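Since we're looking at a predicted model, the values are computed, not measured.
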Amino acid sequence: KCWDLRAQNNNRDPIETLEGSTDSVSAIARTSNAIVTASVDGAVRVYDLRKGCMQTDFISSDPITSLAVSADERLYLVSCLETPSLGAEGTPSSGSSLAKGVVRLLDLASGKLFREYRGHLHQNVKIEAQFSADGRHIFGGSEDGRVLCWDLLQTTVVDETRTSGPVTNEPGRRRDHHQPGKDAISSLACHPDEDKGIFLTAGYSGHVKLWKYND
């Protein structure tokens, strides 16, 4: 829904309602002439405010949990849950590997898929991905507490930050497993000055942390 913040009435009724999603809207972004939404139904919808029309990009059969538009408003980035296909007994079907998660880069005007980024874990909870300040890299969280940095064009992981350490269950023993509900990086933001190499993370642990990645 859209509101006029200058309205003087106490009720402040919405001036417009954007429809089309068949499930919960999980993320929203704007450009100079459009409103862009992502949904749990696996689609991104671009509402062109000048033309009064809606473009629907069907991206995934799994939920989309984050959305970001590039600074030049030509591309958008979505973080998608990815679950394995299951057989009759509830186990991964033949030929189906355990899914990890995927971040996708698409053209805003056409919905064409440009790149996919993998290497993180995204199967159960909300995870976010963002463009770096200079637009050359993609940052994305993971359910196991990592933040990955991908080269935008090459799709390779160029940096990785572990925000939560190994879990110790017994004296003298370390086990590198994650706690899906606690370690997950649900949100992140990059400093607008790329030279500073600073980014923020927030997660289900209840902490917000500041990091420097180009020491």
Side-chain angles (χ1 to χ4, degrees), residues 26-27 29 38 44 59-60 62-72 74-84 92 96-108 112-167 174-205 207-215:
S26 56
V44 167
I59 296 171
S60 173
D62 291 312
I64 298 172
T65 65
S66 83
L67 167 71
V69 175
S70 62
D72 61 7
R74 296 174 58 187
L75 304 170
Y76 70 83
L77 191 70
V78 290
S79 186
C80 305
L81 277 166
E82 195 175 45
T83 55
S96 173
S97 60
L98 290 176
K100 292 291 185 180
V102 59
V103 175
R104 293 185 170 103
L105 180 70
L106 299 98
D107 179 72
L108 183 61
K112 178 182 178 181
L113 176 65
F114 279 157
R115 298 286 192 275
E116 289 187 342
Y117 309 90
R118 297 179 181 272
H120 61 302
L121 184 64
H122 187 190
Q123 294 180 297
N124 299 293
V125 297
K126 178 185 182 295
I127 296 294
E128 192 170 280
Q130 294 287 341
F131 292 96
S132 64
D134 63 3
R136 296 184 300 173
H137 298 94
I138 303 297
F139 282 82
S142 180
E143 289 182 15
D144 56 11
R146 293 175 298 142
V147 175
L148 281 70
C149 175
W150 293 274
D151 183 282
L152 184 142
L153 294 177
Q154 302 299 323
T155 73
T156 54
V157 176
V158 297
D159 191 72
E160 181 178 312
T161 301
R162 181 170 289 278
T163 65
S164 57
V167 179
R174 296 174 64 197
R175 293 206 299 123
D176 226 2
H177 74 243
H178 71 284
Q179 299 171 289
K182 186 175 181 181
D183 294 338
I185 303 300
S186 60
S187 186
L188 54 88
C190 299
H191 194 283
D193 185 349
E194 183 71 16
D195 292 336
K196 293 186 180 297
I198 293 174
F199 66 95
L200 286 164
T201 62
Y204 293 89
S205 64
H207 298 144
V208 177
K209 298 179 181 180
L210 178 67
W211 306 86
K212 189 172 179 63
Y213 63 87
N214 66 351
D215 290 330

Let me check something: any side-chain donor-acceptor pairs from residues 151-159 under 3.5 Å, sequence neighbours excluded? List them with distances.
residue: D151; atom: OD1; partner: L153; partner atom: N; Å: 3.0
residue: D151; atom: OD1; partner: Q154; partner atom: N; Å: 2.7

From CA spacing to verdict: side chain to side chain contact (heavy atoms under 4.5 Å, CB included), W211, V147: CA-CA 10 Å; W211 306 86; V147 175; 5.9 Å; no
Checking side chain to side chain contact (heavy atoms under 4.5 Å, CB included) for the pair H137/C190: CA distance, chi angles, key distance, verdict? CA-CA 11 Å; H137 298 94; C190 299; over 6 Å; no
Audit row: R115, I138, side chain to side chain contact (heavy atoms under 4.5 Å, CB included) steps and yes/no: CA-CA 11 Å; R115 298 286 192 275; I138 303 297; over 6 Å; no
If you apply the rule side chain to side chain contact (heavy atoms under 4.5 Å, CB included), what do you find for H122 with E143, and how did you get there? CA-CA 6 Å; H122 187 190; E143 289 182 15; 4.0 Å; yes
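For the pair A133 and D193, the tightest heavy-atom approach, listed with the atom from each and the gap, is CB-N, 4.4 Å. In terms of heavy-atom proximity, G101 sits nearest to E82 at N-OE1, 3.3 Å. Annotation for L105 and Y117: closest pair CD2-OH, 3.5 Å, computed over non-hydrogen atoms. Residues S186 and Y204 come closest through the heavy atom pair CB-CE1, 3.5 Å. In plain terms, the two heavy atoms of T65 and V125 that are nearest each other are CG2-O, 4.5 Å. The two residues R146 and I185 come nearest to each other via the heavy atoms O-CG1, 3.8 Å.
For the salt bridge (Lys or Arg N to Asp or Glu O under 4.0 Å) test, no residue two or more places apart in sequence or in another chain qualifies with R74.
The CZ atom of F131 sits 4.5 Å away from atom CG of L77, with the distance rounded to the nearest 0.5 Å. Rounding to the nearest 0.5 angstrom, the gap separating the CG atom in L200 from the NZ atom in K209 is 12.5 Å. Between the SG atom in C149 and the CD atom in Q130 there is a gap of 13.0 Å [rounded to 0.5 Å]. Of the inter-residue distances, the one linking R162 atom CZ with L148 atom CG reads 9.5 Å to the nearest 0.5 angstrom. Between the CG atom of L67 and the OG atom of S26 there is a distance of 8.0 Å, given to the nearest 0.5 Å. The CG atom of L106 sits 8.5 Å away from the CG atom of L75 when rounded to the nearest 0.5 Å.
E128 and S79 share no side-chain donor-acceptor pair at under 3.5 Å.
Looking at heavy atoms from C-beta onward, C80 lies in side-chain contact with V102 at the 4.5 angstrom threshold.
Using modelled atom types, one side-chain atom of S142 and one backbone atom of L121 make a donor-acceptor pair closer than 3.5 Å. Looking at W150, its side chain does come within 3.5 Å of a backbone N or O of R118 through a donor-acceptor pair.
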